[in-house]
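Every chain is numbered from 1, with letters handed out A, B, ... down the list of sequences.
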Amino acid sequence: MRKNFTKKVHGYVKNIPAGEVRSYGEVAKACGSAGGARAVGFIMANNFNKEIPCHRVVRADGSLGQYNRGGPEAKQAKLEKEGIPFSTAGVIQISHG
DNA sequence: TAGCTGACGCAAA
DNA sequence: ATTTGCGCCAGCT
């Protein structure tokens with residue numbers, strides 16, 4: 001049941017503490033699907049729950065990626081408010097929890 | 001049921 | 001170091 005994957009992703013993302021960021025690949029892997037990075041992104045795009053801090057999920061390169069709430073700019077703004085340091089490329093460092 | 005798309009990731013040039 | 005191409009999984013039409 002693929003839906004299970006989605007539920008796991010939601011739970012994991014909700015488990016991401018403020019001030020920390022996770023890469024799509026990390027989330028996918030933690031949910032049981034290593035190469036399911038794209039799937040995670042798709043889930044986030046279809047996820048509009050404020051309970052799910054999808055803005056804390058960034059690309060493996062540290063780049064922001066996308067955001068269904070106003071684009072990378074809004075995403076970065078939220079992350080900066082969380083206390084996440086940023087660089088010209090994007091996130092300085094991703095916590096691997 | 002089959003095919004296409006998508007907020008990614010890695011390898012090669 | 002930067003750019004381009006292919007592969008990955010899950011969801012939606």
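Looking at A:Arg69 and A:Lys78, their side chains never come closer than 4.5 Å, going by heavy atoms from C-beta outward. A:Ser63 has its side chain out of reach of A:Val58: every pair of non-hydrogen atoms, C-beta onward, lies at least 4.5 Å apart. Proximity of A:Met44 to A:Val9: side-chain heavy atoms (C-beta onward) are separated by under 4.5 Å at one or more points.
Pairing each heavy atom of A:Ala37 with each of A:Ala28, the nearest pair is N-CB, 3.7 Å.
Contacts between residues 24-52 of chain A and DNA chain C, defined by a heavy-atom separation under 4.0 Å, are made by A:Ser33, A:Gly35, A:Gly36, A:Arg38, A:Ala39, A:Phe42.
Atom CZ in A:Phe5 sits roughly 13 Å away from atom P in C:dC12 (whole-Å rounding). Following rounding to the nearest Å, A:Asn68 (CG) and B:dG6 (P) show an atom-to-atom distance of 15 Å. Rounded to whole Å, atom C1' of B:dG6 lies 12 Å from atom CZ of A:Arg59. When the P atom of C:dA10 is taken as reference, atom CG of A:Asn4 falls 10 Å away, rounded to whole Å. The separation between A:Lys8 atom NZ and C:dC9 atom P is 16 Å, rounded to whole Å. Following rounding to the nearest Å, A:Arg22 (CZ) and B:dC8 (P) show an atom-to-atom distance of 18 Å.
Judged purely by atom type and a 3.5 angstrom limit, A:Arg38 has no side-chain atom pairing as donor or acceptor with the backbone of A:Tyr24. Checking side-chain atoms of A:Lys75 against main-chain N and O of A:Tyr67 turns up no donor-acceptor pair under 3.5 Å.
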